[in-house]
There are 2 protein chains.
Amino acid sequence: MSKEPNQSEPIEILRELGLKEYEARSFVALTRVPQGSAKEISEIAAVPRTRVYDAVDQLQSYGLVDVQHSTPQRFRAIPVEEAVALLRREFDDRFDSLRESLEAVEPVGDEALESGANVWTTGGEEAITSRATQFVDSAEEEIVLVLDGGDDTELTPERLLDQLRAATDRGVTVYVGALSEGTYEEVRARVPGVEVFESELEWLQPQTEKESERIGRLLLVDRGKVLLSSISSGSSNGETAIWSDSVGNGLTIIGRRLLAAGLDREAENLDNAERGAGSHGETEGENRDG
Amino acid sequence: MSKEPNQSEPIEILRELGLKEYEARSFVALTRVPQGSAKEISEIAAVPRTRVYDAVDQLQSYGLVDVQHSTPQRFRAIPVEEAVALLRREFDDRFDSLRESLEAVEPVGDEALESGANVWTTGGEEAITSRATQFVDSAEEEIVLVLDGGDDTELTPERLLDQLRAATDRGVTVYVGALSEGTYEEVRARVPGVEVFESELEWLQPQTEKESERIGRLLLVDRGKVLLSSISSGSSNGETAIWSDSVGNGLTIIGRRLLAAGLDREAENLDNAERGAGSHGETEGENRDG
DNA sequence: GCGTTTTGTGACGATCCGAGTCAACTACCG
DNA sequence: CGGTAGTTGACTCGGATCGTCACAAAACGC
């Protein structure tokens with residue numbers, strides 16, 4: 001990927017950090033040359049000459065470039081190291097302010113929070129991992145985790161594995177169903193006390209080729225909390241998860257049944273437990289392939 | 001209901017972090033209540049009800065809120081702590097990527113950099129302090145620093161004072177002209193070996209009341225490097241500095257003469273040194289306004 | 001069961017900001 | 001003195017966002 005230095009990447013990032021197109025382009029151009037005039041910048045950055053001045057003016061007020069008020073003017077970017085450090089500090093301050101101000105105005109609601117009584121959905125790999133970690137943390141007896149590993153995304157980050165091990169250490173039984181060799185080995189190595197089963201859950205993977213979504217992770221904690229994430233390969237957002245921490249809802253029933261195929265080797269009796277519940281048919285019977 | 005004026009601050013910050021107006025408002029509203037429906041959010045956040053859905057949808061893809069797909073839908077913000085951490089991580093990644101990509105494409109220029117041969121201007125307190133610190137660091141013999149302290153802005157941050165002391169430790173003579181009592185004392189306490197003079201430089205402060213700019217700091221290093229910053233009280237950007245690290249230009253001459261009033265007590269002879277130079281005028285006399 | 005209210009989805013116009021172009025003004029050079 | 005290059009400001013255009021509305025679907029009350 002080092003074929004053609006994609007100089008559009010830093011521009012993109014700088015835009016995300018709040019710079020305008022011209023500002024970002026001009027700055028990147030300036031980092032590629034010891035110093036430059038408006039004309040040179042215009043040529044390197046593909047920015048209209050007459051707009052370079054505005055852009056650089058802004059950049060200067062940010063402290064990212066130095067300006068020489070000669071004729072013609074000459075511009076110079078501060079070292080990359082310095083620039084990144086500058087921006088980082090700036091945003092760090094914002095994060096601090098954000099937390100303060102958010103915590104300051106938070107109290108408004110008076111109703112007690114009725115935590116976990118239904119099914120929620122969460123987006124974003126980070127947030128989902130966070131939720132999964134919380135679930136694992138709260139486990140008292142049993143954890144069942146099925147992963148569709150062996151791909152690009154990192155569904156088993158350090159902290160999640162750490163929490164899994166912590167769970168085993170405190171006596172929680174951990175079952176892991178791995179759908180790929182890599183995940184299988186990795187989990188086994190990191191979490192010694194785990195019970196790994198190569199489940200018969202291959203059907204979790206795309207059943208119809210056309211579908212652009214596939215299962216990411218499936219987590220069942222203490223037979224009451226369930227998290228199921230899907231990953232859309234489309235251009236839209238990445239991982240989305242539905243989860244619940246309350247027992248007795250449809251999702252839990254489904255989750256149990258999904259896991260039953262792999263679990264009944266380990267604990268056959270539990271299968272019976274919700275077989276009764278399943279027999280009268282959930283309305284949630286989505287995706288029941290023929 | 002009750003609109004506290006300060007709840008607009010987190011919204012502002014969130015916008016700076018890339019969220020849209022409605023997204024920011026909705027999120028802040030959600031942090032103020034354990035959970036809420038679209039209607040409630042609409043009322044708290046002053047966002048059109050029908051647009052709450054779009055906003056929350058985005059927030060969910062960011063991982064900042066959880067969505068309950070019931071009827072009516074219910075929304076819930078992740079804890080503030082978590083949200084800030086999430087955003088912080090996200091931006092940290094961007095900074096890393098930025099640095100990598102910037103350093104990857106940097107080499108383009110072929111002309112050797114002719115460092116410091118003229119007058120530059122820099123914007124932003126951070127960047128200016130950075131530049132000043134570099135100057136102090138490079139000092140070998142003498143440092144002259146005049147501060148207009150006694151105000152809101154922090155023109156003498158820790159690191160600058162530290163560098164000043166380091167300079168004295170390595171044998172550099174440091175003169176400090178303090179225009180206010182507070183600055184005077186602070187510098188004296190932090191930098192033991194310093195020569196402090198209460199200069200006759202009061203004229204550095206606004207001479208005409210209408211002017212909205214005043215001198216921030218004036219730094220002269222080794223009789224060759226000069227940094228002069230002004231602070232505009234206006235609505236525009238804050239501190240701006242002009243500086244040069246080359247001897248013999250007009251700014252240096254001016255800077256020396258400016259300091260002469262305070263310095264000739266300490267070293268009267270130097271005043272004569274550039275009196276001759278100033279008389280016949282430099283060719284670099286750019287910006288010779290008036 | 002039926003009508004009303006609330007909720008969710010989509011579309012539409014208004015508005016704002018940034019991108020891009022142009023022309024005029026100023027400073028430098030021959 | 002005229003030509004060239006540099007610099008600034010004003011202008012148009014387009015896309016994104018804001019704000020409103022209309023309508024279908026679902027829930028609720030009688």
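Since the structure is predicted, the reported quantities are computational estimates derived from the model, not experimental observations. Residue numbers begin at 1 in each chain, while the letters A, B, ... track the order of the sequences.
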(Q) Using modelled atom types and a 3.5 Å cut-off, is there a donor and acceptor pairing between side-chain atoms of B:Ser101 and backbone atoms of B:Leu98? (A) yes
Q) Under 3.5 Å, side chain of A:Gln58 to main-chain N/O of A:Ala55, donor-acceptor pair present? A) no
Q. Quick one: does B:Glu23's side chain have a donor or acceptor within less than 3.5 Å of a partner on B:Lys20's backbone?
A. yes
Q: Let me know the distance between CD of A:Gln58 and C1' of C:dA19, rounded to the nearest Å.
A: 15 Å
Q: Compute the ring centroids of A:Phe91 and B:Phe95, then answer whether they are less than 6.0 Å apart.
A: yes
Q) In residues 15-25 of chain A, what residues come within less than 4.0 Å of DNA chain C, judged by heavy atoms? A) A:Arg15, A:Lys20, A:Glu21, A:Tyr22
Q) Contact class for A:Pro72 (heavy atom, under 4.0 Å): base, sugar-phosphate, or nothing? A) sugar-phosphate
Q) To the nearest angstrom, how far is B:Lys39 atom NZ from C:dT7 atom C1'? A) 10 Å
Q: Scan A:Thr31, A:Ile78, A:Val56, A:Asp57 and name whichever one has a side chain to side chain contact (heavy atoms under 4.5 Å, CB included) with A:Val65.
A: A:Val56
Q: Looking only at non-hydrogen atoms, find the nearest pair between A:Leu30 and A:Gly36 and report the distance.
A: CD2-N, 4.3 Å
Q: Just jot down the salt bridge (Lys or Arg N to Asp or Glu O under 4.0 Å) partners of A:Arg88, sequence neighbours excluded, or say none.
A: B:Asp92, B:Asp96
Q | Whole-Å distance separating the CG atom of A:Asp54 from the P atom of C:dC17 | A | 16 Å
Q.
Without decimals, in angstroms, what is the distance between B:Arg49 CZ and C:dG8 P?
A. 8 Å
Q: Examine the side chains of B:Gln73 and B:Ser37 and answer whether a donor and an acceptor come within less than 3.5 Å of each other.
A: no
Q) Which residues satisfy the salt bridge (Lys or Arg N to Asp or Glu O under 4.0 Å) test with A:Glu90, sequence neighbours excluded? A) A:Arg94
(Q) My understanding is that only residues two or more places apart in sequence, or in another chain, count here; which of them pass salt bridge (Lys or Arg N to Asp or Glu O under 4.0 Å) with A:Arg89? (A) B:Glu126
(Q) Using a 4.0 Å cut-off to any heavy atom of chain A, which nucleotides of DNA chain D are the first and last in contact, reading 5' to 3'? (A) D:dG6 to D:dA10
(Q) If I take atom CG in residue B:Asp57 and atom P in nucleotide C:dT9, what distance separates them, rounded to the nearest angstrom? (A) 8 Å
Q: Heavy atoms under 4.0 Å is the rule here; annotate nucleotides 22-30 of chain C 5' to 3' with B where the base is hit, S where only the sugar-phosphate is, and - elsewhere.
A: BB-------
Q: Mind telling me whether A:Trp120 and A:Trp243 have parallel, tilted or perpendicular rings, with 30° and 60° as the class edges?
A: parallel
